[in-house]
Each structure stands twice: as structure tokens, then as C-alpha cells.
Undergrad: 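To start, I am sharing the structure in question, which I have written as C-alpha cells.
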Amino acid sequence: MTIRAIALLVSLCSVTGCSLIAPTDPPRSRPTGKPAVISPKPPSAPPAARVGLPQLGLGAASGAAGQTVTVSATLRTGSVALAGTQNDIEFDPGQIAIAAKPNGKPDCAANPALGKEGTAFSFLPAGCQKGGTCSSVRALVLSLSNVDPIPDGAVLYTCRVRIAAGAAPGAHPLSIMRVGFSSPNGQAVHGAGENGRVMVQ
């Protein structure tokens, strides 16, 4: 394993569960007896409007209740070279859910053209397959041998989404959360995500 591959892995995976998001500082205590002064915060630009930042977007699909459809995750690199990504997909399992393979893993597939053989998917919360309802999937796209940049506009992976038999007609979101990126040298890169959806006919 090369030094760059090790740096990439460290950037993408923390000891506590492969999270790309840097932990936030604990809240600082303030002296009691004085009211807190809250300074107005200027509005920030929407994630998609921040020029140059990478963005990971989920696609859209449509189908009838009881059917299974396919949704893709696409990377827009902006002006940054990226070798790995991570994100969570949250959903309402009463309406739609990422389907499961016979082995219990999410029914998602990496794009083989990217050569990111370390790509992996898991249901959350942990242990939800054994008696609970899974409400999200974590996707980790990386390789320990290939740290070449991912092309702009590349499809990272696809997932099959099961529409519940009793799903209500209309749009149901696939919310993309905890998005993170890593450069070929293992540096964490800030970016954004764009939600997907499944339209139930």
C-alpha cells in the first residue's frame, strides 16, 4: 500500500466508523448571569452555487408502488482533483428504501470503470437488519491501489430502490447527508450534496 493510499484511507475513514466529516468542537461554556449576544449571520449561498466546490448528487426515478427502480450518484468535481468520496443516503422506509441483496447488504454497485475496488455500502443504523428498520445507507468510494482522480461527471455508483406496496403517490426524497471528499494526496475536501427523489406514480 502506497503512502498516498494510506493518506486517502485515513482521510476517508475515522476510527469511529469511516466518517469524512471532521468532528466539531465541543460547545464552550460561557459565564452565567449575562445574556448571550447573538450576532446576525449573513446568509450563505446555496451549496450548488458555491463555484469550484465539488458536489455529489443523487438522481431521480419514477415507478409504481411495489416496484423497484434504480438511482445513480454522480460526482461534479468543480475545480478539485478527488480520489475518494463518502456520503449517507437517508430515506423513509415506510415509503421507499434502498433494496437489500440476498446477503443483507445494500443493493448498490460501484461503477467498475473508475477502478475504485474499495467501494463499499452498509445499512444504518448499525444492526438494523437484525430486528429494526434501516433508514439510511452509507456509501464509501475509494481504492487503496488507485488514487487517480475521478473524472468530472462520473457516475460513482447505482442503487436499487424498493417502493413500498403502500407508498403514497408523489415525490419521496432520498436525502444525501454527511458528504465528504478526499484528494489523491489524502487531504479532506469540503463540498456539498444534492438530494435525489423517487416519484411514485
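No hydrogens, no waters, no symmetry mates; every other heavy atom, side chains included, goes into these values. As the structure is a computational prediction, the values presented were derived from the model and not from experiment.
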Undergrad: Tell me the closest heavy-atom pair linking P93 and C134, and the distance in Å.
TA: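 Closest approach of P93 to C134: CB-O, 3.6 Å.
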
Undergrad: So which atom in A99 and which in F123 form the shortest heavy-atom distance, rounded to 0.1 Å?
TA: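 A99 and F123 have their closest heavy atoms at O-CZ, 3.7 Å.
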
Undergrad: Pick one: which of Q67, M199, R197 meets side-chain contact (heavy atoms from CB on, under 4.5 Å) with S62?
TA: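 It is M199; the other options fail the test.
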
Undergrad: Search all heavy atoms of A65 against all heavy atoms of A165 and return the closest pair with its distance.
TA: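 Closest approach of A65 to A165, heavy atoms only: CB-O, 3.3 Å.
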
Undergrad: Please report the shortest heavy-atom distance between C108 and I98, naming the atom on each side.
TA: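 Scanning both residues completely, I find the closest heavy atoms to be SG-CG2, 3.9 Å.
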
Undergrad: Return the OG1 to CG distance between T74 and L56, rounded to the nearest 0.5 Å.
TA: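 Answer rounded to 0.5 Å: 8.0 Å.
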
Undergrad: Check whether E117 reaches the backbone of L144 with its side chain - one donor and one acceptor, N or O, closer than 3.5 Å.
TA: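 Yes, E117 side chain to L144 backbone: donor-acceptor pair under 3.5 Å.
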
Undergrad: Would you compute the distance between atom CD of Q129 and atom CG of L124 and round it to the nearest 0.5 angstrom?
TA: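 Atom-to-atom, Q129:CD and L124:CG are 10.5 Å apart.
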
Undergrad: Enter the distance from F91:CZ to S175:OG here, rounded to the nearest 0.5 Å.
TA: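 Nearest 0.5 Å value for the CZ-OG distance: 10.5 Å.
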
Undergrad: Given side chains that start at C-beta, do those of R76 and D152 come closer than 4.5 Å, heavy atoms only?
TA: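 They are in contact (side-chain heavy atoms under 4.5 Å apart), so the answer is yes.
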
Undergrad: Check whether any side-chain heavy atom of F181 lies under 4.5 Å from a side-chain heavy atom of T77, and answer yes or no.
TA: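 Not touching, per the 4.5 Å side-chain cut-off.
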
Undergrad: Taking the side chain as every heavy atom from C-beta outward, state whether K116 and L142 have any atom pair closer than 4.5 Å.
TA: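 Not in contact.
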
Undergrad: Charged N to carboxylate O below 4.0 Å: is that the case for K101 and D107?
TA: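 No.
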
Undergrad: Are the side chain of Q86 and the backbone of R138 linked by a donor-acceptor contact shorter than 3.5 Å?
TA: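 Looks like no, no N/O pair under 3.5 Å.
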
Undergrad: Please check if the side chain of N111 supplies one atom and the backbone of V155 the other of a donor-acceptor pair under 3.5 Å.
TA: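 Indeed, once roles are kept as given, a pair shorter than 3.5 Å links the two residues.
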
Undergrad: Take atom NZ of K105 as the centre, draw a 6.0 Å sphere, and report whether it contains more than 12 heavy atoms from other residues, nucleotides or ligands.
TA: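 Not more than 12 within 6.0 Å, no.
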
Undergrad: Do N185 side-chain atoms and Q187 backbone N/O form a donor-acceptor pair below 3.5 Å?
TA: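 No; zero donor-acceptor contacts below 3.5 Å.
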
Undergrad: Enter the distance from S136:OG to D88:CG here, rounded to the nearest 0.5 Å.
TA: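 Between atom OG of S136 and atom CG of D88 there are 5.5 Å.
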
Undergrad: Quick one: are S72 and T158 in side-chain contact, heavy atoms under 4.5 Å?
TA: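 Yes, their side chains come closer than 4.5 Å.
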
Undergrad: Got a donor-acceptor contact below 3.5 angstrom from the N87 side chain to the G57 backbone?
TA: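 Side chain of N87 to backbone of G57, a donor-acceptor pair under 3.5 Å: no, none is there.
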
Undergrad: On a heavy-atom basis, which atom in A83 and which in P184 lie closest, and how many Å separate them?
TA: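 Smallest heavy-atom distance, with atoms named: CB-CA, 3.7 Å.
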
Undergrad: Tell me, do P173 and N195 make a side-chain contact under 4.5 Å, heavy atoms counted?
TA: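 Not in contact.
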
Undergrad: Does the side chain of D92 come within less than 4.5 Å of H172's, by heavy atoms?
TA: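 They are not in contact (no side-chain heavy atoms under 4.5 Å apart), so the answer is no.
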
Undergrad: Nearest heavy-atom pair of N146 and L114: which atoms, and what distance?
TA: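 The pair with the smallest heavy-atom distance is ND2-O, 3.2 Å.
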
Undergrad: To the nearest 0.5 Å, tell me how far T85 OG1 sits from L156 CG.
TA: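 These two atoms lie 4.5 Å from each other.
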
Undergrad: What distance do D148 atom CG and L82 atom CG have between them, rounded to the nearest 0.5 Å?
TA: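 Rounded to the nearest 0.5 Å, the CG-CG separation comes out at 13.0 Å.
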
